[in-house]
There are 2 protein chains.
Amino acid sequence: MKNINIKDLARELNLSVGTISKAFHDSYEISEDTKNRVLETARRLNYVPNPYASSLRGRRSKNIAVVIPEVADSFFSLAINGIESVAKEKGYHVLICLTHESFENEKTILQEFQGGRVDGVLMSVSRETSESAHILNLMGNGVPLVFFDRVLDEIDTAKITTDDFESGYKATEHLIQQGCDNIGFLGISECLSISNRRLEGYQKALNDYHVRYDSQQIINCTNDAVQNDILIRELLQGPNRPNGIVATVEKLTTPVYRASEALGLNIPADLKFVCFSNLETASILNPSLTTITQPAFEMGKIAATLLFKSLEKNDFNLSKESQVVPSRFIMRGSTI
Amino acid sequence: MKNINIKDLARELNLSVGTISKAFHDSYEISEDTKNRVLETARRLNYVPNPYASSLRGRRSKNIAVVIPEVADSFFSLAINGIESVAKEKGYHVLICLTHESFENEKTILQEFQGGRVDGVLMSVSRETSESAHILNLMGNGVPLVFFDRVLDEIDTAKITTDDFESGYKATEHLIQQGCDNIGFLGISECLSISNRRLEGYQKALNDYHVRYDSQQIINCTNDAVQNDILIRELLQGPNRPNGIVATVEKLTTPVYRASEALGLNIPADLKFVCFSNLETASILNPSLTTITQPAFEMGKIAATLLFKSLEKNDFNLSKESQVVPSRFIMRGSTI
DNA sequence: CTGAAAGCGCTAACAG
DNA sequence: CTGTTAGCGCTTTCAG
């Protein structure tokens, strides 16, 4: 019933707690024989050191946090797997914290970390995040932080991103080459780095190919699915209906398909559609979906690896370690 | 790492640490005036109590764990949201631990909890789990545990499941009514509760409708996508190709669709397909997918609520609290 | 090689 | 109303 602790173990073995602790950490001060005895009895009695006591004493928690908007999203869940794979190797635990795209939540979560709950943070900011004080605050307290995917430009630390501008450009260029001359853009935020860079790529492509740019065709989607449905429908039944759409996040896929169907628009004949997405089902949608697919697992891995480097040596300068990893453009039935 | 602590605060305010602590916990012993002063300076100095010190002292961590096979799965990611919504309300943190369907991982994770890392556990067992010693061990140490979805029958605690038998039955019955007379079943484990109950429902339906039962048509899928592709292809190009399939987990959707396409089989004309799935994209697949959809969010919520009840009062008997919540059967294009 | 003891930051019982 | 103090379980000097 009662969690057995180091003292119980010591009593059991007629040793001091200090010796036990050292044996556990494989200290050179302890004889092989004693180490074995300790390890063996520990196993027998099911002794597991209390992590909070260790954290308190050692001033490091052996926990890192992953702060993300949402877990029900292929990109983030794959990234988590990447992060976890390296954390495990380092003997660290991963705390997954969800902001649900709310800036308030994000602030609260980071604020909590001020108490020393985690040794480092991996983060993708919420769609509402435009200020950086809460992050700078935490970093100022010595907690290293690495961004992945959704970054805050003004913060000086490692940022693992994909080639958002190029991808936005390529997606748009592709639509143009497929004959679209009126292309809509579905963003998710006016302050979000990824949304803006992808938008810039989109704008550049329109410009390069002399396709009309119309700010009316740029929709800022919300965090509310019902509201998004309305926005998308409005776009698709408006007087100036686009014949191509670039969407910046996976969760916009279903609404666009459904709205098209409801309005009797055929994809790709009436409307060509490209989406930034890691959906496994992209290839079996009706029609199969042309995507910009990010190396999610890899990005998580890279970000985590950098974080651990900075955890391991204090003089490691994260701000020189940003990386841009390329996305893959996968052409499928929704645009051809 | 200049994390400010309660002592610093005390010095700043010319108060004792005891007073600060009490002020923080809104003790009746402390004057309003002092409380305000404390709270105000705490905010100003960015003081956040060290959670590990509190945990150590109070012998409760204010953390619960969610032990699941995988996060890149709609059911589990939705369930996490449900769990999180109640944990937040209770001021608890959620540790998400992934077994990746490995029994070894699962054991290691639960073993770690013996140290007191979490106050309670919500769990869906791995596909490999057939023994229960590791779980009983933890529960024996006073850590309450609630199962959701994938349970271990022999363990006496609350289990939040869906009507797996009935759903398996209904799915199969539907296929039969649509004219299938040779129905395959894709399971994921021979020891997994959900897989087995769904299988039993399938068998009962075959029996009730006098449809031939052939154990060759029951495939145990693995945790390896490549291997699964092979198994599914073998089934679909074998001499005794089924004209209907019931699959027990979401991740089998893409392989089945792709294999069918590769082999020139039309869904639903040549092969009708039902899948247990919470995929948001089910309705826009080609063809849209008939699913058994579980109330994932709700299940997470129920399971978490029960766990907190048992955390709040020791005499709460979890073993009397199991619930079966109904799934929804959603007929779509893959079977009609 | 082993043991004793001083904390890590916080809470709560007890004293004033 | 506020202060003092004894630990929670563990690690880590320092002594032996």
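Quick caveat, the model's predicted, so the values are computed rather than measured. Chain letters run A, B, ... following the sequence lines, proteins first, then strands; residues in each count from 1. Values below: all heavy atoms of this structure, side chains included; hydrogens, waters and symmetry mates excluded.
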**OP:** Would you indicate what A:S21 reaches in the nucleic acid, counting non-hydrogen atoms under 4.0 angstrom: base, sugar-phosphate, or nothing?
**Re:** base
Original post:
Out of D:dT4, C:dT2, C:dC10, which nucleotide sits closest to the side chain of B:S16?
Top reply: D:dT4
**OP:** Take atom CG of A:L15 and atom P of D:dC10, then tell me their distance rounded to the nearest Å.
**Re:** 15 Å
Original post:
When the distance from CZ of B:R11 to C1' of C:dG9 is rounded to whole Å, what number comes out?
Top reply: 13 Å
Original post:
Can you check the A:R117 CZ to C:dC10 P distance for me, whole Å?
Top reply: 13 Å
**OP:** Compare the minimum distances between each of C:dC10, D:dT2, C:dC1 and the side chain of B:K22, then state the nucleotide with the smallest one.
**Re:** D:dT2
**OP:** Indicate, with a heavy-atom threshold strictly under 4.0 Å, whether B:S55 touches base, sugar-phosphate, or nothing.
**Re:** nothing
Original post:
Rounded to the nearest Å, what distance is computed from the CG atom of residue B:L9 to the C1' atom of nucleotide C:dG9?
Top reply: 12 Å
Original post:
Which one, D:dC14, D:dC8, D:dC1, comes nearest to the side chain of A:K7?
Top reply: D:dC8
**OP:** Taking only the side-chain heavy atoms of A:S54 (C-beta and beyond), determine which of D:dG3, D:dC10, C:dT2 contains the nearest atom.
**Re:** D:dC10
**OP:** Please state whether the phosphate of D:dT2, meaning OP1 or OP2, lies under 4.0 angstrom from any side-chain nitrogen or oxygen of B:Y28.
**Re:** no
**OP:** Report which part of the nucleic acid A:F24 touches: base, sugar-phosphate, or nothing (heavy-atom distance under 4.0 Å, all strands).
**Re:** nothing
Subject >> Closest to the B:N5 side chain, choosing from C:dT2, C:dC10, D:dG3 >> reply: C:dC10
Original post:
Between C:dC14, D:dC8, C:dT2, which one does the side chain of B:L56 approach most closely?
Top reply: D:dC8
**OP:** Using only side-chain N and O atoms of B:T34, determine if any of them is under 4.0 Å from OP1 or OP2 of D:dC1.
**Re:** no
Subject >> B:Q111 vs B:N137, side-chain hydrogen bond (donor to acceptor under 3.5 Å, both in side chains): CA-CA, chis, key distance, verdict >> reply: CA-CA 9 Å; B:Q111 180 65 22; B:N137 234 312; 5.8 Å; no
**OP:** Please tell me which of the listed nucleotides, D:dC1, D:dC10, C:dC1, lies nearest to the side chain of A:P49?
**Re:** D:dC10
Subject >> Separation of D:dG9 P from A:N3 CG (nearest whole Å) >> reply: 9 Å
Original post:
Salt-bridged, B:E101 to B:R150, with N to O below 4.0 Å?
Top reply: yes
**OP:** Using a heavy-atom cut-off of under 4.0 Å over every strand shown, decide if A:I20 touches base, sugar-phosphate, or nothing.
**Re:** nothing
**OP:** Using a heavy-atom cut-off of under 4.0 Å over every strand shown, decide if A:D33 touches base, sugar-phosphate, or nothing.
**Re:** nothing
Original post:
Are A:N50 and D:dG9 close enough that a side-chain N or O sits under 4.0 Å from OP1 or OP2?
Top reply: no
**OP:** Round to the nearest Å and state the distance from B:R37 atom CZ to D:dT2 atom C1'.
**Re:** 12 Å
**OP:** May I ask you to decide if B:S27's main-chain N or O and B:K35's side chain share a donor-acceptor pair within less than 3.5 Å?
**Re:** yes
**OP:** Take the protein atom CZ of A:R60 and the nucleotide atom P of D:dC10, then report the distance between them rounded to whole Å.
**Re:** 15 Å
**OP:** Rounded off to whole Å, could you give me the CD-to-C1' distance for the B:E32 and D:dT2 pair?
**Re:** 15 Å
Original post:
Within the distance-only criterion (no hydrogens, no angle test), does the side chain of B:K159 pair as donor or acceptor with the backbone N or O of B:D153 below 3.5 angstrom?
Top reply: yes
**OP:** Describe, in one word, how the ring planes of B:F76 and B:F148 are oriented to each other, choosing from parallel (under 30°), tilted (30 to 60°) and perpendicular (over 60°).
**Re:** perpendicular
Original post:
Counting side-chain heavy atoms from CB outward, which of C:dA5, C:dC1, C:dC10 is closest to A:V17?
Top reply: C:dA5
Original post:
Would you call A:E321 and A:K309 a salt bridge, taking side-chain N to carboxylate O under 4.0 Å as the test?
Top reply: no
